[in-house]
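Lettering follows sequence order; numbering is per chain, from 1. All values derive from a computational prediction rather than experimental measurement.
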Amino acid sequence: MRHDLETTINLAVRELFDTEAAVILTHPEEQFGDYATNVSLQLAGKLGQPPRVIAEALAVRLREAAPEHIRDVVIAGPGFINVTLTDAALLRSLTAPANQSWAGKVVVAEYSDPNPFKVLHAGHLYTSIIGDGVANLLEHAGAIVHRVNFGGDVGLHVGKTLWAIVQKLGGEHPEKLIDVAPSERSEWMAEAYVAGTLAYEDDAVAKARIVELNKQVYAIQTAQDRVSPLAQIYWTCRGWSYDYFDAFYARIGTKFEKYYPESATAPIGLKTVTEQLARGVYEHSDGAVIFDGDKYGLHKRVFINSQGLPTYEAKDVGLIMLKWEEYHFDSSVIITGNDIIEYMKVVLKSVEQFMPQLPARTTHLTHGIVKLAGGTKMSSRKGNILRAVDVLDAAAKANQAVTGTEDERVTLGAVKYAFLKQRTGGDIIYSPTESVSLEGNSGPYLQYAHARARSILRKAMAEETAADSSLAVELEADERTFVRKMGEYNEVIDKAVAELLPHLVCTYLYELAQTFNRFYEHNRVLDDPRRALRLRLVAAYAARLHEGLGLLGMYAPEKM
RNA sequence: GUACCCGUAGCUCAGCUGGAUAGAGCGUCGGCUUGCGGAGCCGAAGGUCGUAGGUUCAAAUCCUAUCGGGUACACCA
C-alpha cells in the first residue's frame, strides 16, 4: 500500500512538474491521517512555486488515483499532504504477507565468538542475543542464514590458562583432571586463566614458559598430537570449554551451525597472508608480517608475528576465506563489540586488495558493553569482569524478588528484551529489577500482553458458534486506531531488516501493546455486538506479538 | 597525538534518509476501580536536545569548531 502510494506520487510529480523527487511516506500523528509526505515542500524551492499550490495539484491526482484505498487527501500546515485510507484498505493491510526482501540469499551470521579456555562474560551474552535477533530478522525476510561462531582454541590466552593448569596439577599430569568435577570445570578454568594472566604480567620466568606453551599448542594442533601429556591436557580442557559453551547456548536458546576454532582458520590464514605477502599486499617489518593500513587512513597491524605464528589478524583472514569457500555467501554479517571497529577495518581493507568481493559483502555490526545498573562488587580473583551467568543470575534473583516467580523463560525474555530494546551500538546499563518488571517497557510486559490476548481468544473459542468473518465494516474510532497501529507491523519489520536493528521491533511491539491496552480499557470484546470483528482484531494482535517476540528470541506464553 | 563512537526530562532510553506542539518507561503528584486477565487506563509536573557558529523556507537530525565521556592505534584476542 505504502509503496503503491509512493509510486503514484512519484509519477504525478514527473507528469505535473517534469522533475524527480524522493517521495517518502511517513506515519504522521493520527489526527493528520495515515500517511503524510512533504514532497511539495522539497519541490517548492526547486520549482519556484508555493508549496501549498504544488501540494494541491498532487492531492487532486491522489484522490483520483485510488478511490478504493484513499478516503481523503488534505493539505495541512506549510504544505504537507496528508492521506487517510479507507477502512477497507486499512483492514486489508492486516493480511499483507511479509516482505521477502532477502529471499534465497545466503547469509553467514557470525557472533558470540567466545574463546575456549576463558570464561563467558556479559558481552558474550549481549552479542549472542543481538546476533540471534539479527539472524531471526534476516530469516524472516527469506534469507538462508548460517549461524557460526569463531573462537580462539590457540593463542596466547591458551598458553596462559595451560600454564596455570599445569601448576594446579603439579606438572603435566592429565590423569589428575578427573579430580575436577564436571560442574566445576568452567570455573576451574576461568581461575586458571586469571592466574596465568597475572603470572604473565608479573613473573618473567612464567612469561617465558607461557610463550613457549603457546608455540607448543600450535605444534600440538599441527601434528594432531593427542598422546603427549600436554596434548591430553589441552584437548581435554578444550573439550570442557566447548561443553560449557553448548550448555550456555542451550540455556539462552541459541543454536550455532558450527564453531570455527582458530586452529582451523590459522593455517589458511597463514597461507593466504604468505601468498599475498609475495604479491606485495602484506609486507615485512621488524621480523613480522604486517599490513600497512596507514596508506588507507587506517593503521598498521601485525598479521604474522616474528616467531612465524599467525596473529588474530591472519586467523580472521583465514576465517573470511573459509566462510567464502564453504558458503559462497551473498552477505556476511559479523557482530562484535565496538572495540574492534578499527581493527576490523584494517583486516577487511587488506582482504580487499586480493578478494574485493568479500569485504564488499561484509557488514560489521558492533555494539557496546553491558554494565550493571548501580555497579557490582566483583572479585579480582574472578578476573574482575561481569560474567554471563552473573547477569542471568541477577535477572533470576530480581524476578524472584519482584514477581515471586521462577519461570526461566520469562527471566530470559526479560534479559533479551532489556538488551535488545536499545539501539545497537552504544553501551547499555542493565537493570535486573527494571527488566523483570511487569510494568513499563519490559519483556514480561509484552509476554503478559500476549498471554492476555490469548486468554480472550481462548474464552471466545470455547463459546464460539459461527463467527462472521466479513471485514467489510466501518471502523469505530478506537478500532481504527488499533488497526492503524497493527498495519504498521510489516513496515517496521522491513525497516528492522534493512537496517539490522532489532530494537525497532521492540519499540513497535511496546507501542502496539499500549495501543491495544487503551482500546481494551474502553471497549468490550466478547459481550459486544461488534464481537466478531473485534475478535479478529485481537487474533491479529496476538499473532503479531507472537511473531514479533519470536523475532527477538523470546517466548510468547499462553498463560503466565 | 591521530582516528572512531557517544552527550535529548531527576534516571534509563526512543526520535537522527532535515519538516507540523521533541516522545516513552521508571520515579514524583493527582484521578479511575463491584471489570472479557487493573500486571491496566486517564491526567499533571519535568527538556536552552553538551556549547558556539554555519547551511536551509525549516536543524535534536546535516557541516565546522569546542567542551565532556568512552574506545582503538605492531607482534594479545
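- For the C1' atom pair drawn from B:A60 and B:G19, the interatomic distance equals 13 Å after rounding to whole Å.
- Between A:H27 and A:E491, the side chains place a donor N or O and an acceptor N or O closer than 3.5 Å (distance only, hydrogens not considered).
- Here A:P28 lies in heavy-atom contact (under 4.0 Å) with a base.
- Contact annotation: A:K160 does not reach the phosphate of B:C76 (side-chain N/O to OP1 or OP2, under 4.0 Å).
- A salt bridge between A:K207 and A:E201 is absent, with no side-chain N of the basic residue lying under 4.0 Å from a carboxylate O of the acidic one.
- Checking the phosphate oxygens (OP1, OP2) of B:C13, no side-chain nitrogen or oxygen of A:H503 falls inside 4.0 Å.
- Distances from the side chain of A:R301 to the nucleotides B:C13, B:G25, B:A77 place B:A77 closest.
- Rounded to a whole Å, the CG atom of A:N338 is 19 Å from the P atom of B:A3.
- Across all strands shown, nothing is found opposite B:U55 as a Watson-Crick or G-U wobble partner with both distances under 3.5 Å.
- Dashed line: the shortest gap from a side-chain N or O of A:R518 to OP1 or OP2 of B:C42 is under 4.0 Å.
- Residue A:K459 has a polar side-chain atom (N or O) positioned under 4.0 Å from OP1 or OP2 of B:G37.
- Residue side chain A:Q31 reaches the base of B:U21 through a donor-acceptor N/O pair under 3.5 Å, judged by distance alone.
- Contacts of A:R484 classified as side chain to side chain donor-acceptor pair (under 3.5 Å), with partners at least two apart in sequence or in another chain: A:D34.
- In this structure, of B:A77, B:C36, B:G19, it is B:C36 that holds the atom nearest to the side chain of A:R524.
- Remark: the A:N82 side chain and the B:A20 base include a donor-acceptor N/O pair separated by less than 3.5 Å.
- Between the P atom of B:C76 and the CG atom of A:L198 lies a distance of 18 Å, rounded to the nearest Å.
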Under 3.5 Å, side-chain donor or acceptor atoms of residues 282-292 of chain A against the rest of the protein: list the pairs with distances, not counting sequence neighbours.
| from | atom 1 | to | atom 2 | distance (Å) |
| --- | --- | --- | --- | --- |
| A:Y282 | OH | A:S350 | OG | 2.7 |
| A:D292 | OD1 | A:D294 | N | 3.1 |

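- Of the C1' atoms belonging to B:G50 and B:C5, the separation is 16 Å, rounded to the nearest Å.
- Set against B:G25, B:U12, B:A77, the side chain of A:Q422 has B:U12 as its closest nucleotide.
- For A:Y448 against B:G37, a side-chain N or O and a base N or O form a donor-acceptor pair under 3.5 Å.
- When distances are taken from the side chain of A:D339 to each of B:A72, B:G37, B:C41, the shortest belongs to B:A72.
- Applying the 5.5 angstrom centroid cut-off and the 30 degree plane-angle cut-off, the aromatic ring of A:Y520 is stacked upon the base of B:C36.
- Side-chain atoms of A:N441 stay outside donor-acceptor range of the base of B:G25, with no qualifying N/O pair under 3.5 Å.
- Side chain of A:Y510, nearest nucleotide from B:A24, B:G40, B:A77: B:A24.
- We find that A:R531 and A:D528 are not joined by a salt bridge, their nearest charged nitrogen and carboxylate oxygen being 4.0 Å or further apart.
- Counting distance only, with no hydrogens placed and no angle test, the side-chain atoms of A:S285 and the base atoms of B:A74 include a donor-acceptor pair under 3.5 Å.
- Remark: A:R534 engages A:E476 in a salt bridge, criterion side-chain N to carboxylate O under 4.0 Å.
- Residue A:R423 has a polar side-chain atom (N or O) positioned under 4.0 Å from OP1 or OP2 of B:G15.
- Aromatic stacking of A:F32 on B:A20: satisfied, with centres closer than 5.5 Å and planes within an angle under 30 degrees.
- Using a 4.0 Å heavy-atom cutoff across all strands shown, A:I290 reaches at least one base atom of the nucleic acid.
- Between B:U21, B:G40, B:A74, one nucleotide has an atom nearer to the side chain of A:Y445 than all others, and that is B:G40.
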